[in-house]
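In what follows, a single structure is set out as structure tokens and then discussed.
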Amino acid sequence: MAKKTAVAKAKKAKPNPRNKKLYDEGMKVRKAVLGAAYVDNSLAGAADDEFMMAFQDITTEYCWGYAWTRPGLSKKSRSMLNLAMLAALNRGPELKLHINGALNNGLSKDEIKEIFLQVAIYCGIPASLDAFKTARDVFKERGI
């Protein structure tokens, strides 16, 4: 029932992108990587809230529409970069989201392990440890 409510609220949300083509392309990629339920829930949380909707607009239009749709890097490569950067920045909740996205983009558990070992060397053991713990939790949730 909660899923239906999130979808219904997301349909009431009023995005106001500056570039509708980028926004629409970004929305397709965002849902493919993160999952439609997650994205719909994010939009539902911003429904009727112009303050938060502005963030949803820029995220969808520029992050997902501009950066993620560019040629030159595969979604898998972009996921690898995101995992390394988010781990280095100690952004736990966002890292968890992008570990799921990386798995959706075809990364294996071993590839994710290697990314976080690289983080340990170049960004520090504490950052890598947090990333390993976050990944372990995601793998457990997904039965991997």
Side-chain angles (χ1 to χ4, degrees), residues 1-120 123 126-144:
M1 188 68 147
K3 183 178 178 183
K4 287 182 183 179
T5 303
V7 171
K9 270 185 109 177
K11 289 181 180 176
K12 290 195 299 187
K14 295 177 181 142
N16 189 24
R18 292 180 179 249
N19 184 319
K20 181 143 173 46
K21 182 177 185 245
L22 277 181
Y23 181 89
D24 291 344
E25 290 174 5
M27 187 59 74
K28 287 178 194 170
V29 175
R30 187 177 179 196
K31 286 184 175 186
V33 174
L34 302 179
Y38 174 83
V39 175
D40 288 342
N41 193 49
S42 292
L43 291 171
D48 303 320
D49 183 346
E50 289 180 39
F51 181 78
M52 290 305 295
M53 188 53 73
F55 180 77
Q56 290 296 320
D57 287 345
I58 197 168
T59 298
T60 303
E61 186 174 343
Y62 292 105
C63 173
W64 295 100
Y66 179 77
W68 275 80
T69 63
R70 290 181 56 77
L73 290 176
S74 66
K75 285 182 185 142
K76 187 174 180 179
S77 294
R78 290 183 194 283
S79 282
M80 293 171 127
L81 288 165
N82 278 3
L83 293 184
M85 290 184 288
L86 292 169
L89 293 169
N90 271 330
R91 299 292 191 241
E94 193 73 6
L95 179 61
K96 180 179 180 180
L97 174 65
H98 279 277
I99 291 168
N100 276 296
L103 292 166
N104 293 342
N105 282 337
L107 268 76
S108 69
K109 185 176 182 179
D110 283 338
E111 288 171 317
I112 292 170
K113 174 181 66 180
E114 292 302 322
I115 292 165
F116 295 153
L117 288 172
Q118 193 84 1
V119 167
C123 303
S128 183
L129 176 60
D130 287 347
F132 267 91
K133 287 178 179 179
T134 300
R136 178 196 57 206
D137 293 346
V138 170
F139 299 148
K140 188 180 285 185
E141 288 171 10
R142 291 183 65 150
I144 297 173

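Atom set for the values below is all heavy atoms of this structure, side chains included, hydrogens, waters and symmetry mates excluded.
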Problem set entry | Heavy-atom pair with the smallest gap, counting every atom of T69 and W64 | CG2-O, 3.4 Å

Exercise. Between R30, E61, M27, which is the residue that forms a side chain to side chain contact (heavy atoms under 4.5 Å, CB included) with Q56?
Worked result: R30

Exercise. What residue pairs, at least two apart or across chains, pass side-chain hydrogen bond (donor to acceptor under 3.5 Å, both in side chains) with a residue in residues 135-144?
Worked result: K96-E141, N100-R142, N104-R142

Exercise. What pair of heavy atoms forms the shortest contact from N90 to A127, and how long is it?
Worked result: OD1-CA, 3.5 Å

For this session: For K133, enumerate each residue passing the side chain to side chain donor-acceptor pair (under 3.5 Å) test, keeping only those at least two apart in sequence or located in another chain.
Result: none

Seminar exercise, completed: Between S77 and L73 the two heavy atoms that sit nearest each other are CB-CD2, 4.1 Å

Problem set entry | Exceeds 12 heavy-atom contacts within 6.0 angstrom, atom CZ of F132 | yes

For this session: Output the distance between atom CE (M80) and atom NZ (K76), rounded to the nearest 0.5 Å.
Result: 6.0 Å

Exercise. Is the NZ atom of K31 crowded by more than 12 outside heavy atoms at less than 6.0 Å?
Worked result: yes

Exercise. Would D24 and K28 count as a salt bridge (Lys or Arg N to Asp or Glu O under 4.0 Å) if you check the C-alpha gap in whole Å, the side-chain angles of each, and the deciding distance to 0.1 Å?
Worked result: CA-CA 6 Å; D24 291 344; K28 287 178 194 170; over 6 Å; no

Exercise. Is it true that atom CG of L34 has more than 12 heavy atoms of other residues, nucleotides or ligands lying nearer than 6.0 Å?
Worked result: yes

Seminar exercise, completed: Rounded to the nearest 0.5 Å, the CG atom of N105 sits from the OG atom of S79 at a distance of 4.0 Å

For this session: To the nearest 0.5 Å, tell me how far R91 CZ sits from T134 OG1.
Result: 13.0 Å

Exercise. Can we say D57 and R18 salt-bridge, meaning some charged N sits less than 4.0 Å from an Asp/Glu carboxylate O?
Worked result: no

Problem set entry | Pairwise distance CG(L83) to CZ(F116) - rounded to 0.5 angstrom | 4.5 Å

Exercise. Yes or no on side chain to side chain contact (heavy atoms under 4.5 Å, CB included) for E94 and N82, after CA distance, side-chain angles and deciding distance?
Worked result: CA-CA 10 Å; E94 193 73 6; N82 278 3; over 6 Å; no

For this session: First locate atom CG of L43, then atom CE of M53, and finally report the distance between them rounded to the nearest 0.5 Å.
Result: 5.5 Å

For this session: Answer yes or no: are there more than 12 heavy-atom neighbours, outside F55 itself, under 6.0 Å from its atom CZ?
Result: no

For this session: Output the distance between atom CG (L117) and atom OG (S128), rounded to the nearest 0.5 Å.
Result: 6.0 Å

Exercise. Under 4.5 Å between any side-chain heavy atoms of I112 and L103, yes or no?
Worked result: yes

